[in-house]
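Some notes on the structure that comes next.
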Amino acid sequence: MTPPPPPPPHTHTHTRTNYQHVPGSVFTVVVEEDLSIGGEGKVFCFFSTTSGNLKQRSDINNTKTLLTSKNIHLRKDFVPWIPVDIMDRKDREAVFAKAGTRKLPIVIIDDEYLGDYDKLLKVLLLIVCLSTASLHGDEMLSSSNTVLSST
């Protein structure tokens, strides 16, 4: 048995209620392919060696310091720092497309865009908070004031 063909990039969808077509409900859905840059099972950190933007240079240095302090650079799946300004244009544009931004540094883990330095800090802070709460058996409140148990 062969698998069905992939859906076309544009699909017309009809909405039905109780098997009855809802008038005016035909709309177009755009199905986008997930862009891969070959980072499955890897940690990538893209940066620029020539940035004139002070915040960007600071973020790049801080990202390197942060990842080094957590020994991420020693992991087998860590790909050494990748300067986008010496990449082929096509590859560089693929990285920017995957990230959805041109703001550097760009951290990609397992072929998923994690973020830039500011996002990386937020993620690490959340991990520290969750692990601390787990150690203490604390309960936390979600934004809807629902009790979230960390145990």
Side-chain heavy-atom pair Lys122, Leu125 within 4.5 angstrom cut-off: no
Between Ser51 and Gln56, what is the shortest heavy-atom contact and its length? OG-OE1, 2.5 Å
May I ask you to test the Phe47-Pro83 pair for a side-chain heavy-atom distance under 4.5 Å? yes
Quick one: ring-ring contact (aromatic ring centres under 6.0 Å, His included) pairs with a partner in residues 51-103, sequence neighbours left out? Phe78-Trp81
On a heavy-atom basis, the closest approach of Leu114 and Lys119 is O-CG, 3.0 Å
Look at the side chain of Lys98 and the backbone N and O of Asp111, then say whether any donor-acceptor pair between them is shorter than 3.5 Å. yes
Does Asn71 use its side chain to pair, donor to acceptor, with the backbone of Leu74 at less than 3.5 Å? no
To the nearest 0.5 Å, what is the distance between CD1 (Ile60) and OG1 (Thr65)? 12.0 Å
The single option from Val95, Val79, Val107 passing side-chain contact (heavy atoms from CB on, under 4.5 Å) against Phe44: Val79
In plain terms, say whether Lys55 and Asp116 are close enough for a salt bridge, that is, a side-chain N and a carboxylate O under 4.0 Å apart. no
Specify the closest pair of heavy atoms between Arg92 and Met87, including all atoms of both residues, with the distance to one decimal. NH1-O, 3.0 Å
With a 4.5 Å heavy-atom cut-off, do Leu67 and Leu120 have their side chains touching? yes
For Asp77 and Gly41, work out which heavy atoms get closest and say how close. CB-O, 3.1 Å
Close side-chain approach of Arg75 and Lys42, heavy atoms under 4.5 Å: no
Heavy-atom distance under 4.5 Å between the side chains of Asp110 and Glu40, does that happen here? yes
Closest heavy-atom pair and its distance - Ala94, Ile37: O-CG2, 3.8 Å
Within the side chain of Asp59, is there an N or O that forms a donor-acceptor pair under 3.5 Å with the backbone of Tyr117? no
Between the side chains of Asp88 and Lys90, is the shortest nitrogen-to-carboxylate-oxygen separation below 4.0 Å, so that they form an ion pair? no
